[in-house]
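What follows is a short report on a single structure.
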Amino acid sequence: MKIKHILVALTMVLLSQTGLKAQEEIVYDQYYYNYYLVNPAVAGAERCTHFMWTGKLQWIGMEDAPRTTTLSFRTRLRGGMERLGIGAYAYVDKNGYSKRQGGQVSIGYHIPLSGGSTRGYMMKQRDITRQLSFAIAGVVQHYSFSEELFGESTAADIVTANGGRDKGYYFNATFGTYLLLDNFFAGLTIANLIPTKLTELGKDEPVRPITPYIFMGYDFQLGDGMVFEPGAMFKFNTEDQRQFDFHLKFQQNLTDRDYGYWVELLYRHVLDKDNAQPLCLKPMGGVRIKKFNIGYTYTLGLTNINRHNKGDHELMLGYSFCKTQHFCR
């Protein structure tokens, strides 16, 4: 069988079983580089401006393997609006013959939970290490298929036949809240607030489920700029799909050299009612050189499909207009 026919068949199977993957599952999967991707309230949580690019290549060794690129920005405002934070990201995801792209724009409000000045960009440090943040974000998504997918072999498929190649734009909203209490942090995100149905993918396509994300972690200060951070994330939705992540991170900032590094191990487990199983291990690490950051992640899959590929690779490049101890958050 030709490679093209294999890819067409694989695409049809994936679409018939799961539909097109929701936007939050594409972008949010890289949250360990940038928690703003999973929670809009993180934007402006510290007095810093961040730009970040991430690239992800999945299923190494397979032709036309999925690949995802994201570009994000977040900052805290100035000029009398110091309690406001804004952020945005854009993404492009290509998976065989399908293409998804979109983005998010958000605005957040940060409430100090301790005494001290609440005005001026140079507020006391304690005003940002103890605060409660809220944010709302508008999300747009676009779906399309390559012309190569259309032909006699796929003409009867409801997904490709309904609406043609371009499946159109879809809009949604996300709410987030983020808590900082010295070395403890936690966040709650509710994605897909608008019950959107992707009708052009077929009349039986389900409504995008409301999807909450809960994450938390604690920084144990070890001295000499060293920090040990255990953390976890729990994701679930109204279709009773659940996923749990647990990570251990070690980082050190050498302020005299303006240099830092971090290493991390993340374990992911699916908790679906009839499909509970280990999903993957993600060893990762990165360095900070002055205001530049670079990180790398390798995904070691633990499911049967991973026997047919060589894993996933991700690269992160970032720049901060300040000195920060928590760029990867």
Side-chain angles (χ1 to χ4, degrees), residues 18-46 50-54 56 68-77 83-93 100-111 131-143 167-180 185-198 201 205-217 231-245 328-329:
T18 63
L20 278 179
K21 203 174 183 182
Q23 168 266 345
E24 76 277 357
E25 294 178 1
I26 298 170
V27 179
Y28 291 5
D29 187 53
Q30 297 177 313
Y31 73 88
Y32 35 79
Y33 285 145
N34 183 359
Y35 274 86
Y36 172 69
L37 297 179
V38 75
N39 190 318
V42 173
E46 56 183 343
H50 297 303
F51 286 91
M52 179 181 289
W53 173 92
T54 59
K56 181 177 182 179
T68 307
T69 302
T70 64
L71 181 64
S72 64
F73 157 81
R74 55 188 170 103
T75 190
R76 192 153 185 161
L77 298 184
R83 288 196 179 188
L84 296 179
I86 60 173
Y89 68 70
Y91 76 92
V92 176
D93 178 79
R100 290 155 284 188
Q101 54 193 337
Q104 169 182 289
V105 176
S106 67
I107 184 168
Y109 188 76
H110 306 282
I111 305 172
Q131 66 180 3
L132 180 63
S133 306
F134 299 93
I136 190 71
V139 179
V140 61
Q141 309 165 46
H142 177 261
Y143 298 95
K167 299 303 176 181
Y169 290 88
Y170 301 86
F171 300 89
N172 219 300
T174 298
F175 169 80
T177 182
Y178 184 51
L179 173 68
L180 291 172
F185 65 93
L188 168 65
T189 304
I190 303 177
N192 292 328
L193 291 175
I194 303 173
T196 304
K197 189 172 184 178
L198 309 185
L201 300 183
E205 181 71 13
V207 174
R208 300 294 91 182
I210 294 176
T211 306
Y213 292 75
I214 301 172
F215 66 84
M216 64 182 63
M233 173 178 284
F234 181 59
K235 163 191 168 184
F236 58 100
N237 62 31
T238 51
E239 294 181 353
D240 204 28
Q241 297 172 325
R242 299 181 295 272
Q243 178 179 294
F244 176 76
D245 291 1
C328 292
R329 181 190 293 177

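Source: prediction; values computed, not measured.
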(message) Run the side chain to side chain contact (heavy atoms under 4.5 Å, CB included) test against Ala232 and tell me which residues pass, sequence neighbours left out.
(response) Phe244, Phe246
(request) Using side chain to side chain contact (heavy atoms under 4.5 Å, CB included) as the criterion, list what pairs up with Ala135, not counting sequence neighbours. (result) Pro40, Ala41
(message) Can you tell me how the ring of Tyr89 sits relative to the ring of Tyr36, calling it parallel under 30°, perpendicular over 60° and tilted otherwise?
(response)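 It falls in the perpendicular class, over 60°.
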(message) My understanding is that only residues two or more places apart in sequence, or in another chain, count here; which of them pass ring pair (Phe, Tyr, Trp, His ring centres under 6.0 Å) with Phe171?
(response)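 Checked Phe171 against ring pair (Phe, Tyr, Trp, His ring centres under 6.0 Å); zero matches.
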(request) Please identify each residue that fulfils ring pair (Phe, Tyr, Trp, His ring centres under 6.0 Å) with Tyr31, with sequence neighbours left out. (result) Tyr35
(message) Could you work out, with side-chain hydrogen bond (donor to acceptor under 3.5 Å, both in side chains) as the rule, every residue matching Thr189, not counting sequence neighbours?
(response)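 Testing Thr189 for side-chain hydrogen bond (donor to acceptor under 3.5 Å, both in side chains), a comparison that skips the adjacent residues, returns Asn39.
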(request) Identify, with sequence neighbours excluded, every residue that meets side-chain hydrogen bond (donor to acceptor under 3.5 Å, both in side chains) alongside Tyr178. (result)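 Partners of Tyr178 by the side-chain hydrogen bond (donor to acceptor under 3.5 Å, both in side chains) criterion come out as none, since no residue qualifies.
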(message) Looking at every heavy atom in both Arg76 and Glu46, which two are closest together, and how far apart are they?
(response)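 So the minimum-distance heavy-atom pair works out to CB-O, 3.9 Å.
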(message) If I compare all heavy atoms of Ile194 with all of Ala173, which pair ends up nearest, and what's the gap?
(response)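 Of all heavy-atom pairs spanning Ile194 and Ala173, the closest is CD1-N, 4.2 Å.
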(message) Are Met216 and Phe234 packed together at the side-chain level, in the sense that at least one heavy-atom pair is separated by less than 4.5 angstrom?
(response) no
(request) Kindly say whether Ala45 contributes a backbone atom to a donor-acceptor pair with the side chain of Gln131 at under 3.5 angstrom? (result)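 Yes; judged by distance alone, with no hydrogens or angles, the pair exists.
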(request) Answer yes or no: is there a donor N or O on one side and an acceptor on the other, between the side chain of Ser106 and the main chain of Ile86, under 3.5 Å? (result)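 No.
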